[in-house]
Amino acid sequence: MHAYRTHTCGQLRKSDVGATVRLSGWVNRRRDHGGLIFIDLRDHYGITQCVIEPDAPAFAVVDQLRSEWVVTFTGKVVHRLEGTANSDLPTGDVELRIETVAVQGRAQELPLPVFGDLDYPEETRLTYRFLDLRRERLHKNIMLRANIVTSLRRRMIEQGFTEFQTPILTASSPEGARDFLVPSRRYPGQFYALPQAPQQFKQLIMVAGFDRYFQIAPCFRDEDGRADRSPGEFYQLDLEMSFVTQDDVFNAVAPVLAGVFEEFANGKKVTPADQFPRIPYAEAMLKYGTDKPDLRNPIEIVDVSTVFGHADVEFKAFKNKIVRAIPAPGAGPQPRSFFDKLNEWARGEGAAGLGYIQFEDEGGTLVGKGPIAKFIPAAALAEMVKIAGVKAGDALFFSADAKADRAANLAGMARTRIGRELNLIPQDEFKFCWIVDFPMYEWNEEEKKIDFSHNPFSMPQYDREKFLSLNNTDAETILGLKAYQYDIVCNGYELSSGAIRNHDPDVMLKAFEIAGYTREETEQKFAGMLNAFRHGAPPHGGTAPGIDRIVMLLAGEENLREVTMFPMTQQAQDLLMNAPSPANQKQLKELHLRVIYPEK
RNA sequence: GGGGGCGUAGCUCAGUUGGUUAGAGUGACGGCCUGUCACGCCGUAGGUCGCGGGUUCGAGCCCCGUCGCUCCCGCCA
């Protein structure tokens with residue numbers, strides 16, 4: 001007989017009755033009846049009830065077992081007594097009658113109970129992650145993650161992609177997030193950088209002629225955490241394809257994502273792969289006030305600036321402003337506090353407030369109510385009703401600002417909030433869309449210069465010769481340029497970002513020049529890539545869905561830590577392994593480093 | 001870097017207007033119990049109320065500072 005087990009704890013059935021078996025696992029729970037002890041033994045596969053009576057030789061040892069001790073039981077599988085079967089357990093028809101016991105590992109009193117599904121403080125959960133991972137919720141999530149990754153790999157390989165590894169120690173690249181640096185021992189004062197993404201490598205793989213690449217790629221960015229953004233590191237399904245148009249990338253990626261969602265969504269509705277709406281960036285900003293709209297929310301924002309511009313509309317606060325209206329279907333009868341709360345929230349966000357009109361039916365005509373309704377004559381009101389598509393019983397909120405992006409932004413946040421408050425967001429759906437036609441550049445107000453608004457490696461949607469002859473006095477043209485740059489969004493989360501790449505060295509130099517990099521700087525920073533592009537580069541493009549967020553959505557979690565095996569805190573510390581930690585003098589010396597602590 | 005929330009027994013929490021010895025459940029320990037599966041019953045131990053300072057006759061509670069976790073803003077090509 002095997003030293004530890006003949007079966008797992010999820011395996012025994014009626015058909016095993018009579019067999020002598022051996023099980024190993026953790027003591028999930030013990031029920032001591034004095035004359036009779038039940039032990040629920042748990043392993044990765046399940047739970048089996050084990051039982052012992054006082055006259056058994058092993059009784060004295062079993063009597064001492066406590067929660068989370070690791071033990072091996074040997075004994076006979078028996079039917080449970082009439083009426084004592086447990087239909088909640090797959091093994092619930094039988095139990096193991098303990099004949100011998102071996103203690104493999106004792107456990108101290110637990111800082112975090114494994115049994116039960118209460119919530120515990122993050123600090124405890126992270127410090128004792130190995131205990132938390134034993135618990136059902138996390139154990140299940142991590143297995144889900146593994147299965148999703150396996151499915152993604154299979155789907156990619158079936159589509160003719162090949163998985164390649166790329167370096168972890170590489171060079172820092174300009175733009176983007178703060179890098180993690182690794183000091184070089186052999187080259188004093190020089191540093192490797194951990195890749196923010198294998199962006200340049202995957203493009204080089206295309207130049208090298210491998211045609212279709214993918215990788216479950218670790219990415220490192222020294223940025224602060226959020227619920228949907230781990231500090232430090234995360235994983236992407238990184239992919240790149242040669243000789244493709246934007247449509248080819250869409251047709252390759254959508255089935256993988258829709259497929260994996262259908263496979264793991266547990267019956268929730270998923271947008272079919274060939275039906276992801278394509279929403280231009282500008283339209284998304286107008287209708288949803290964000291470039292990552294939650295399409296489950298039926299509310300669509302409209303622009304009503306012109307209505308408030310009419311001479312007979314005397315609401316001064318909205319004059320000469322961009323005014324966006326957010327319809328709130330059915331919100332009309334809500335109590336005053338509903339509107340006050342939203343207004344308060346908007347002020348908290350730095351806005352002047354969130355004006356509103358409630359619509360009521362008065363003898364067959366639609367009339368506006370509320371603090372600002374009296375400033376709007378009937379004709380203007382009717383115009384607004386038509387634009388916004390509201391009816392009696394609805395309300396309309398207003399977000400106004402001199403700057404369009406700020407008005408859009410607040411409207412977007414209000415849309416989300418109103419949708420939630422009014423319960424307009426169905427919970428049993430995954431709604432995908434493509435956001436396309438991102439601007440190539442944006443104006444950096446702080447530094448008064450033109451910046452890349454997204455990935456600097458994207459191909460501009462513009463005639464090559466005209467692009468090369470642009471100069472910085474054409475600011476308006478430049479800021480109006482779109483790129484072959486696209487995102488995949490699902491339920492309000494940005495799942496993926498990608499582009500058709502710029503594989504033309506002259507266009508690339510020009511693109512960086514517009515963003516303020518001299519040709520020399522670009523030549524130096526991207527020597528490898530530019531050099532490669534000068535030796536026969538295929539047109540190529542790709543994208544990189546975030547694995548962590550995909551798993552989070554499919555697990556129904558709202559925090560990445562729930563789907564990450566060993567996460568860091570929001571302050572980027574690993575409480576289990578104690579990272580980061582100081583380097584010793586010898587290490588520092590080898591690396592030619594001296595630490596200068598910040599002044600307090 | 002900034003703003004909000006939280007911090008009381010191993011764990012989850014309660015704790016009134018500032019008022020005597022800070023409570024409950026659970027876990028731990030001991031006793032009883034032969035069919036439980038959140039077993040039950042009895043008992044015992046367990047507290048730097050995150051930490052430091054202040055106000056007060058008196059602080060878990062009020063004030064100031066600080067630390068930790070978290071959510072958000074900044075940041076995230």
Side-chain angles (χ1 to χ4, degrees), chain A residues 28-42 47-56 59 64 66-68 78-89 91-92 95 97 107-128 131 173-179 196-197 199-200 219-232 234 345 348-350 409 413 438-442 444 446 451-458 483 485 487 494 497-499 511-512 515 517 544 546 558-559 561 568-571 573 575 598 600:
Chain A
N28 191 57
R29 193 88 182 146
R30 87 187 226 125
R31 291 176 295 280
D32 182 352
H33 290 243
L36 185 69
I37 299 173
F38 295 101
I39 304 265
D40 289 339
L41 197 66
R42 183 196 73 241
I47 288 179
T48 302
Q49 174 166 286
C50 306
V51 63
I52 192 163
E53 296 179 8
D55 49 351
F59 186 86
Q64 286 170 19
R66 290 295 179 270
S67 287
E68 296 309 307
V78 299
H79 273 295
R80 292 214 193 171
L81 295 180
E82 186 73 29
T84 63
N86 185 348
S87 56
D88 293 337
L89 291 179
T91 62
E95 63 194 7
R97 208 151 274 264
Q108 299 175 354
E109 187 175 348
L110 301 168
L112 178 77
V114 173
F115 176 80
D117 58 358
L118 275 172
D119 273 335
Y120 295 93
E122 206 70 29
E123 199 174 352
T124 311
R125 295 182 59 196
L126 293 174
T127 308
Y128 297 94
L131 291 179
S173 84
E175 295 282 321
R178 206 174 285 119
D179 282 315
Q196 296 189 19
Q199 181 64 38
Q200 293 188 62
C219 304
F220 306 91
R221 296 175 193 176
D222 188 1
E223 292 301 331
D224 291 338
R226 289 286 185 280
D228 65 347
R229 196 177 76 199
S230 301
F234 61 94
W345 159 81
E349 293 293 330
N409 212 309
M413 290 192 288
F438 275 84
M440 181 85 186
Y441 297 103
E442 64 191 12
N444 182 334
E446 253 171 57
D451 275 350
F452 285 110
S453 73
H454 244 84
N455 191 316
F457 304 107
S458 304
Q485 166 83 44
D487 282 1
E494 181 193 312
S497 194
F512 274 88
Y517 295 86
E558 289 187 346
N559 193 298
R561 284 185 301 275
M568 294 200 284
T569 66
Q570 192 180 40
Q571 316 303 320
Q573 286 188 306
L575 299 179
K600 260 287 172 184

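Labels below follow one simple rule: chain letters A, B, ... track the order of the sequence lines, proteins then strands, and each chain is numbered from 1.
- A donor-acceptor contact under 3.5 angstrom links the side-chain atoms of A:N86 to the base of B:C37.
- Atom CZ of A:F38 sits in a crowded spot, with more than 12 heavy atoms from other residues, nucleotides or ligands closer than 6.0 Å.
- As judged by a 4.0 angstrom heavy-atom cut-off over every strand, A:E123 is placed among residues touching the sugar-phosphate backbone only.
- Here the separation of B:C57 from B:G4, taken at their C1' atoms, is 36 Å to the nearest Å.
- Atoms CG and CZ, from A:D40 and A:R29 in turn, are 8.5 Å apart once rounded to the nearest 0.5 Å.
- Here A:R561 lies in heavy-atom contact (under 4.0 Å) with sugar-phosphate atoms only.
- Regarding contacts with the backbone of B:U36, every side-chain N or O of A:R31 stays at 4.0 angstrom or more from both OP1 and OP2.
- A:R97 comes within contact range of at least one nucleobase, with a heavy-atom separation under 4.0 Å.
- B:U20 makes up no base pair with any nucleotide shown, lacking Watson-Crick or G-U wobble contacts both under 3.5 Å.
- A:E53 has its CD atom 14 Å from the C1' atom of B:C33, to the nearest Å.
- If you take atom P in B:C49 and the same atom in B:G43, they sit 28 Å apart, rounded to whole Å.
- In this structure, CZ of A:F38 is placed 4 Å from C1' of B:U36, rounded to the nearest angstrom.
- The base of B:C37 does not come close enough to the side chain of A:D88 for any donor and acceptor atom to sit less than 3.5 Å apart.
- At a threshold of 4.0 angstrom between heavy atoms, the contacts of A:E95 include nucleobase atoms, whether or not backbone atoms are also involved.
- At a threshold of 4.0 angstrom between heavy atoms, the contacts of A:N559 are confined to the sugar-phosphate backbone, with no base atom among them.
- Applying the 4.0 Å criterion to OP1 and OP2 of B:C69, one finds that A:Q573 has a side-chain N or O inside that range.
- Using a 4.0 Å heavy-atom cutoff across all strands shown, A:R29 reaches sugar-phosphate atoms only and no base atom.
- Within the structure, every side-chain polar atom (N or O) of A:Q570 is placed at least 4.0 Å from both OP1 and OP2 of B:C69.
- For the pair A:F438/A:D487, a side-chain contact is recorded, criterion being any heavy-atom separation below 4.5 Å from C-beta on.
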For this session: For nucleotides 9-15 of chain B, just jot down a letter per nucleotide in 5' to 3' order: B, S or -, based on protein non-hydrogen atoms under 4.0 Å.
Result: -BSS---
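- Note: CZ (A:R30) to C1' (B:A28) measures 12 Å, nearest angstrom.
- Computed from coordinates, the A:E68 CD to B:G27 P distance equals 14 Å when rounded to whole Å.
- With the nearest nucleotide of RNA chain B identified for both A:L36 and A:M568, A:L36 has the one nearer the 5' end.
- By the 4.0 Å N-to-carboxylate-O rule, A:R66 lies too far from A:E109 to be salt-bridged with it.
- Scanning all heavy atoms of the two residues, the minimum distance from A:R561 to A:E122 falls at NE-OE2, 2.6 Å.
- A:T569 comes within 4.0 angstrom of sugar-phosphate atoms only, judged by non-hydrogen atoms across all strands, and of no base.
- Taking atom C1' in both B:C13 and B:G18, the straight-line distance is 22 Å, to the nearest Å.
- Distance noted for atom P between B:U44 and B:G5: 41 Å (whole Å).
- Across all strands shown, A:A499 has no heavy atoms under 4.0 Å from either base or sugar-phosphate atoms.
- Counting heavy atoms from C-beta outward, A:D224 and A:Q570 have side chains that stay 4.5 Å or more apart.
- Using a 5.5 Å limit on the distance between ring centres and a 30° limit on the angle between planes, the aromatic ring of A:H33 does not count as stacked on the six-membered base ring of B:U36.
- A:Q485 and A:A499 get closest at one heavy-atom pair: OE1-CB, 3.8 Å.
- For B:A14, there is no paired nucleotide, since no Watson-Crick or G-U wobble pair has both relevant distances below 3.5 Å.
- Spacing of C1' atoms, B:C33 relative to B:G40, comes out at 8 Å, to the nearest Å.
- B:G65 and B:C51 make up a base pair, with Watson-Crick or G-U wobble contacts both under 3.5 Å.
- Between A:A511 and A:M440, the shortest heavy-atom contact is CB-CE, 4.2 Å.
- In this structure the side chain of A:F115 never reaches within 4.5 angstrom of the side chain of A:E68, judged on heavy atoms.
- The base of B:C76 is not paired with the side chain of A:R221 by any donor and acceptor separated by under 3.5 Å.
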For this session: Would you sort out whether A:Q199 and A:N455 count as a side-chain contact (heavy atoms from CB on, under 4.5 Å), showing the intermediate values?
Result: CA-CA 10 Å; A:Q199 181 64 38; A:N455 191 316; 3.5 Å; yes
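- Within 4.0 Å (heavy atoms only), A:F452 reaches sugar-phosphate atoms of the nucleic acid but no base atom.
- Between B:G60 and B:A9, the distance separating the two P atoms is 14 Å to the nearest Å.
- The distance between atom CG of A:D228 and atom P of B:C73, rounded to the nearest whole Å, is 9 Å.
- Across all strands shown, B:C42 is found opposite B:G30 as a Watson-Crick or G-U wobble partner, with both distances under 3.5 Å.
- Between A:Q64 atom CD and B:A28 atom C1' there is a gap of 15 Å when expressed in whole angstrom units.
- B:G53 and B:G58 are spaced 16 Å apart, taking the P atom of each and rounding to whole Å.
- Mapping A:A197 and A:R226 onto RNA chain B via the closest heavy atom, the residue that lands nearer the 5' end is A:R226.
- Across B:C73 and B:A28, the matching P atoms stand 42 Å from one another, rounded to whole Å.
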